[in-house]
Amino acid sequence: MLTHENQLTRGTIEQYARKHTLDPFEFSLDASLFCDVIICDYNYLFDPAVFLQRFFAEPDPENCFLVDEAHNLVSRARDMYSAELTDTLFTELKTALAPYKQHGVPAIKGGITKTLTAFDVVRAAVPTGQTEVFQPARLENLVAVLNGLAQTIHDWLTGELENRDQAVVDLVLPVYFAVNQFLRINDFYDDAFETKVALTPDTVTVKQLCLDPSSFIDDSLSLGGGAVLFSATLSPLDYYQEVLGGVANSLAYQLPSPFPTSNTAVLVATDVQTTYRQRQASLPTVIASLTAMVRAKAGHYLVFLPSYAYLDQVATAFTAANPDLAA
């Protein structure tokens, strides 16, 4: 592949992986070691759960990061460093495990019972009449119980094969992964976090919320020799520089639009209501407005709408009203 290709696209990877019966994802990771430029999602650098260890386990000054649409990185990073658990996850597992008596399963059941008791304690601590509370401190008791449950499941999974039933493994693994993700985020918990407890009559949900991911973003970017973060919507610039981990010696630069302002026209139709309840009633007005616009000046047009369903609805109506323009 390295001899015959100069771009390792998804299609190329799949072609060679199929030919040689290789896992395409693992094959792409190995192939990436030979690439000059790698295009990937944010999570491969910034997400503590899935970042590429082969590249980012240690700093490498030879790497330079180009981060497009950087305004989206703030909310994405908050999500990456947040985690939540709901007590129903454990209630459902306890019910599903009831028929199983194999070696090690009773210990897991015991850990689940302790976890549900810890959730009950969390519920009891919420003031009467409130359904949602926030606090800066982590829930130490719940975290301790979850650590115990995770260790119990780990010991069982790494024990003797004959003591494990695949059906039980399939039931336990999703909960085990969810608990470990919660505990992984707990390891980062500091002043940048708050704990949210949300109640319904039937559930208790605990979420570790990362409010300020700037230090984590900065730590990730520090793994390379430099980074350029860019977007058309980084405004206000000083705010984004701070929340994206910009340190005192980072540079902020704003370029003017390359398009003449004389080419810009902002037209506002005040008689169009596109709220959900008004969409059907306003459809004729929308179609009339679009028709007037595209017939006034020939060219290519992009129309953005609030949902895919509404997009299909408008496209169908526009085509019916303007069969000569639909192409």
Side-chain angles (χ1 to χ4, degrees), residues 7-10 13 25 28-29 31-84 181 184-185 187-194 196 207-261 263-264 266 302-308 311:
Q7 291 188 20
L8 306 186
T9 63
R10 174 172 178 162
I13 292 292
F25 180 69
S28 70
L29 291 179
S32 67
L33 296 171
F34 297 89
C35 294
D36 297 310
V37 177
I38 300 172
I39 303 172
C40 61
D41 188 80
Y42 290 149
N43 59 355
Y44 290 113
L45 170 61
F46 298 101
D47 195 318
V50 299
F51 74 95
L52 297 180
Q53 293 200 20
R54 68 186 61 208
F55 289 111
F56 307 127
E58 298 292 337
D60 184 349
E62 296 297 314
N63 287 332
C64 180
F65 306 123
L66 304 179
V67 183
D68 192 11
E69 300 291 357
H71 65 280
N72 288 326
L73 181 56
V74 180
S75 60
R76 286 286 303 277
R78 285 194 184 110
D79 290 340
M80 292 172 191
Y81 283 89
S82 298
E84 72 176 27
Q181 172 64 7
R184 181 183 295 111
I185 297 305
D187 289 338
F188 295 104
Y189 203 103
D190 58 15
D191 292 342
F193 288 80
E194 281 215 350
K196 172 186 174 183
K207 184 168 186 176
Q208 298 177 118
L209 281 165
C210 177
L211 303 180
D212 179 9
S214 57
S215 64
F216 303 122
I217 295 174
D218 185 48
D219 288 344
S220 295
L221 295 177
S222 297
L223 294 171
V228 178
L229 287 73
F230 50 97
S231 169
T233 51
L234 284 178
S235 179
L237 199 55
D238 55 349
Y239 162 77
Y240 278 103
Q241 188 173 10
E242 180 179 348
V243 297
L244 289 170
V247 292
N249 63 347
S250 64
L251 304 178
Y253 190 56
Q254 188 169 1
L255 291 165
S257 171
F259 303 105
T261 56
N263 290 354
T264 302
V266 179
L302 293 174
V303 178
F304 299 89
L305 294 149
S307 72
Y308 286 114
L311 176 67

*Quick one: do Leu229 and Tyr240 satisfy side-chain contact (heavy atoms from CB on, under 4.5 Å)? Show the steps, please.*
CA-CA 10 Å; Leu229 287 73; Tyr240 278 103; over 6 Å; no

*Under the ring pair (Phe, Tyr, Trp, His ring centres under 6.0 Å) criterion, do Phe51 and Phe56 qualify, and how do the steps go?*
CA-CA 7 Å; Phe51 74 95; Phe56 307 127; 7.2 Å; no

*Residues Tyr239, Leu234; criterion side-chain contact (heavy atoms from CB on, under 4.5 Å); working and verdict*: CA-CA 9 Å; Tyr239 162 77; Leu234 284 178; over 6 Å; no

*asked:* Using the rule given for side-chain contact (heavy atoms from CB on, under 4.5 Å), can you reason through Leu8 versus Phe34, listing the C-alpha separation, both sets of side-chain angles and the distance that settles it, and then say yes or no?
replied: CA-CA 10 Å; Leu8 306 186; Phe34 297 89; 5.7 Å; no

*asked:* Determine whether Asp68 and Phe230 satisfy the following criterion, side-chain contact (heavy atoms from CB on, under 4.5 Å), listing intermediate values before the conclusion.
replied: CA-CA 5 Å; Asp68 192 11; Phe230 50 97; 3.3 Å; yes

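The minimum heavy-atom distance linking Asn43 with Arg76 is given by the pair N-NH2, 4.0 Å. In terms of heavy atoms, Arg78 sits closest to Leu211 at NE-O, 2.9 Å. Shown here for Leu221 and Phe65, the closest heavy-atom pair between the two residues is O-CE1, 3.5 Å. Taking all atoms of both residues into account, the shortest heavy-atom contact from Leu244 to Ala70 is CD2-O, 3.8 Å. Of all heavy-atom pairs between Gly245 and Asp218, the closest is O-OD1, 3.3 Å. Across every non-hydrogen atom of Ser222 and Pro59, the tightest pair is O-CB, 4.4 Å.
The neighbour count for Tyr44 OH, taken as heavy atoms of other residues, nucleotides or ligands under 6.0 Å away, does not exceed 12. More than 12 heavy atoms of other residues, nucleotides or ligands sit less than 6.0 Å from atom CD of Glu69. Within 6.0 Å of CZ in Arg10 there are 12 or fewer heavy atoms belonging to other residues, nucleotides or ligands. Taking a 6.0 Å sphere around CG of Asn263, one finds it holds more than 12 heavy atoms contributed by other residues, nucleotides or ligands. A 6.0 Å sphere centred on CD1 of Ile39 holds no more than 12 heavy atoms belonging to other residues, nucleotides or ligands.
The CG atom of Leu45 lies 10.0 Å from the CD1 atom of Ile217; values are rounded to the nearest 0.5 Å. Note that OG1 of Thr233 and CG of Asn72 are 7.0 Å apart. Values are rounded to the nearest 0.5 Å. Rounding to the nearest 0.5 Å places NZ of Lys196 at 6.5 Å from CG of Leu209. Summarising the geometry, atom CD belonging to Gln241 is positioned 8.0 Å from atom CG belonging to Leu251; distances are rounded to the nearest 0.5 Å. Put simply, CD on Gln181 and CD on Gln208 are 9.5 Å apart, with the number rounded to the nearest 0.5 Å. Atom CG in Asp190 sits 8.0 Å away from atom SG in Cys210 (nearest 0.5 Å).
Classified by interplanar angle (parallel below 30°, tilted 30° to 60°, perpendicular above 60°), the ring pair Phe46/Tyr42 is perpendicular. Taking the six-membered ring for Trp and thresholds of 30 and 60 degrees, Tyr81 and Phe216 have nearly parallel ring planes, at less than 30 degrees apart.
Side chains of Met80 and Pro48 form a contact here, defined as non-hydrogen atoms less than 4.5 Å apart. Between Leu237 and Tyr253 the shortest side-chain heavy-atom distance does not fall below 4.5 Å. Annotation: side chain of Asp60 is not in contact with side chain of Leu223 (no heavy-atom distance under 4.5 Å).
Side-chain atoms of Ser32 come within 3.5 Å of backbone N or O of Leu29 as a donor-acceptor pair.
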